[in-house]
There are 2 protein chains.
Amino acid sequence: MDDQDPPTGIDSVAVARAGNRSLSVMDQIREAILDGSVSAGERINEVKFSRTLTVSRTPVRAALQALAGEGLLDYAPNRGFTVREFPLDAIVDAYEIRASLEGVAARFAAERGLGPEERAIIEQSLVAGDKLLERGSFGPGDLAAYRSINGDFHETLLSAARNRMLAEMIRICHHVPMSSSRNIVAFEHRDVRRRHDDHHRIFEAVMAREPHRAEMLMREHVSGVKASLIRSLTDRSEPPV
Amino acid sequence: MDDQDPPTGIDSVAVARAGNRSLSVMDQIREAILDGSVSAGERINEVKFSRTLTVSRTPVRAALQALAGEGLLDYAPNRGFTVREFPLDAIVDAYEIRASLEGVAARFAAERGLGPEERAIIEQSLVAGDKLLERGSFGPGDLAAYRSINGDFHETLLSAARNRMLAEMIRICHHVPMSSSRNIVAFEHRDVRRRHDDHHRIFEAVMAREPHRAEMLMREHVSGVKASLIRSLTDRSEPPV
DNA sequence: CGCCTTCTAAGTGAATACACTTATTAAATG
DNA sequence: CATTTAATAAGTGTATTCACTTAGAAGGCG
C-alpha cells in the first residue's frame, strides 16, 4: 500500500493494462519492438529493461515469455531473449499466411452465419466506407478513419468465425513488424476503393451462405493488400518504417 | 552455496531438456495435459505443481507462460492459468486450419523447391510407405511405423517451405489435444493407403513446381484426415482418448 | 607474435520471502 | 431464515537474493 502510484513516466502512453504489471510491461515492450526502439536481432537485457520500466525482473521476464509466445522474440537457454528478425521475405509470407487464415475465417463465418449485431457492425462499416470514398480523394485523417473501418470489418468477421485459435493466429500475423496496420499508410485512393469493394463482395458471400466463395474472395482480398504493400515499397523506395 | 546438489529424482522421466529447468518442466506439464492427467477447464495451482515437480514456482510459472503461448492454457490476471477446453468443434476446426496452413506450406515448397536431402527424405518416406502398404493389412506396430513415415513426410515438406511462423502455427495445430498424432490410432488400412497416395501426388506437384496444385492437394489431404477422424469417432462411438 | 588458459564481470536461472487479490466460510443482522 | 458483511485462508503477483553460465579481457605459455 505504498508504491501504488504509477512509476516515473513510462506508462504515460498505455496507462498500464488492468490487472497486473506483467501485462502492462508486455504492451510496452511490444510497442518498443514495433516502434523500432529496440532493433531486430538485438539481445534484450532484463535488468536494463526492469530499470527502465521501474519494475523488477519478474514481470519483465513474464512479459518476455509471453512475447516469445507471440513470436516477436526468440529464446535461447542461458542467453535470454532476442528480438526476432523479420526479413522482407518473412513479412510477405506473413501476408500470404494471413490471407489463408482469414480465408478460413470468412468460410467459417459464411457457414456459421452472422449474429445480428455482427451484421450491423459490418453493414455500418460498409456504408461508412462508401461515404468516405464518395469524394475521389482523401482529406487529412481520412486514411486513419478508413483504417478503423477496415479493422471493424475484419475483426467482426473474425469473431463471427467463432474460433479462438484462428483468431489468435491472425492476431499474430498482425503483430509481425510492418505488416501491422499501423504501418500501412501509403495507399492510393484507388487501392482503398478496390479493397472496400472487396469488403462488399465478401459480405454478400457471407450473407448468401456461400462459404467457398467467401473464402476465395477473402484470400484474394488480403493478397491484394500484400501486393499494394510491395508496390508501395518498390515504387518509391521509401520504406514506411 | 549449500544446496547445489541436484534435486531428488524428478528428472527421472524426461531426463530434463538441455539448458534450464523451465523447459523440462514445460515438457512435463504439456505431457500431463495431453495425457489428461490434468483435465480440461481445471485451474492450475502453481505451488502444487512446484511441489510435485520438486522445483520452485519460478520455472513452473515460466513453463505456464510458454504453454499459454502455445495455446494450451488460458491466463486470467489474479486467477492464474487454466487448462484450455477443446470441444469437438474446436478440434475439427483445428484440422481445417491445419489443412489451410499445410496447404500454404506445400505451395511455398513448390515455389522454393526442395533441397537434395529434403528430397531424399521424402522419397524415402514414400518407398517406405509403399513397402508397408504392399500387404493388404497391418501387422502389430505397422501403424506406429507409418505414423513415423507420415511425420517425416510432413515435417520435411514443412521445412522446405522455409518459413518459421508457418511452422510454428502448424506445430500449434498438432498440439491440440486429440488432433495430436499420438491419438490417431484408429485408422483403417484403406484410409492409410489413400493418404499415402496423396503423399505421392503432393510430392509430384512439388517436384513439378506446381504451387497451386500442391496447395490444393495438401488441403484436401489434411481435410481427409479430419474426415477419417470424424468417422472413427462416430462409427464406433469409442473416443480414442 | 600468436594461441591458449585463466580470471573476472555481466547476465540469466532458480529459489524464497513478502504483498496483494480473490474466494470461502462463518457470523451477525434484517 | 435469508442475506449481507467481515474475517480468514488459499493462491497469485512482485521483489530480492543467490547460484550458475557465458562471454570478454588480460596474462602467461608455446
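Letters A, B, ... are given to chains in the order of the sequence lines, protein chains preceding strands, and every chain is numbered from 1. Predicted model only: the values in this text are computed from it and were never measured.
- Where the helix from C/dC1-D/dG30 to C/dG30-D/dC1 starts and where it ends, the local axes point in directions that differ by 10°; five pairs per end, rounded to 10°.
- Of the charged side-chain nitrogens involved, none lies within less than 4.0 Å of a carboxylate oxygen, so that A/Arg112 and A/Glu118 do not count as a salt-bridged pair.
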Just the atom pairs and distances: protein N or O near nucleotides 9-11 of chain C's N or O, under 3.5 Å.
unit_1 : atom_1 : unit_2  : atom_2 : d
C/dG11 : OP1    : A/Asn45 : ND2    : 3.0
C/dG11 : O5'    : A/Asn45 : ND2    : 3.2

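- For B/Arg21, the side-chain atoms get nearest to C/dA15 when compared with the rest of C/dA17, C/dA15, D/dT17.
- Under the ring pair (Phe, Tyr, Trp, His ring centres under 6.0 Å) criterion, A/Phe49 pairs with no residue, sequence neighbours left out.
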Check residues 103-110 of chain A and write down every donor-acceptor pair under 3.5 Å in which the side-chain atom is one partner and the other belongs to a residue at least two apart or another chain.
unit_1   : atom_1 : unit_2   : atom_2 : d
A/Arg107 : NE     : A/Glu215 : OE1    : 2.5

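- The shortest distance between side-chain heavy atoms of B/Leu158 and B/Glu102 does not fall below 4.5 Å.
- Side-chain atoms of A/Ser24 and A/Gln28 form a donor-acceptor pair, as typed in the model, at a separation below 3.5 Å.
- B/Tyr146 is linked by a ring pair (Phe, Tyr, Trp, His ring centres under 6.0 Å) to B/His196, counting only residues two or more places apart in sequence or in another chain.
- A sub-4.0 Å separation between OP1 or OP2 of C/dA15 and a side-chain N or O of B/Ser56 is present.
- Remark: P of D/dT22 and CG of A/Asn78 are 5 Å apart, rounded to the nearest angstrom.
- Evaluation of the salt bridge (Lys or Arg N to Asp or Glu O under 4.0 Å) rule for A/Glu70 yields A/Arg30, A/Arg171 as partners, not counting sequence neighbours.
- Rounded to an integer number of Å, the gap from B/Tyr75 OH to D/dT12 P is 10 Å.
- If you take CZ of A/Arg61 and P of C/dA15, they are 12 Å apart, rounded to a whole angstrom.
- In this structure, B/Ser22 reaches the C/dA14 phosphate: one of its side-chain N or O atoms is under 4.0 Å from OP1 or OP2.
- At whole-Å resolution of the value, CD in B/Gln65 and P in C/dG13 are 14 Å apart.
- If you check the side chains of B/His154 and B/His174, you find no donor sitting under 3.5 Å from an acceptor.
- Each of A/Thr58 and A/Gly80 was matched to the nucleotide of DNA chain C holding its nearest heavy atom; the match closer to the 5' end belongs to A/Gly80.
- Using modelled atom types, one side-chain atom of A/Asn20 and one backbone atom of A/Leu23 make a donor-acceptor pair closer than 3.5 Å.
- Across all strands, B/Phe81 comes closer than 4.0 Å to no nucleic acid atom at all (heavy-atom distances).
- For C/dT12, neither phosphate oxygen OP1 nor OP2 lies less than 4.0 angstrom from any side-chain nitrogen or oxygen of A/Arg57.
- The side chain of A/Pro59 lies closest to D/dA15, out of D/dG13, D/dA15, C/dA15.
- For the pair A/Asn20 and D/dG13, the criterion of a side-chain N or O lying under 4.0 Å from OP1 or OP2 is met.
- Within the nucleic acid shown, A/Phe49 has no heavy atom closer than 4.0 Å to any nucleic acid atom.
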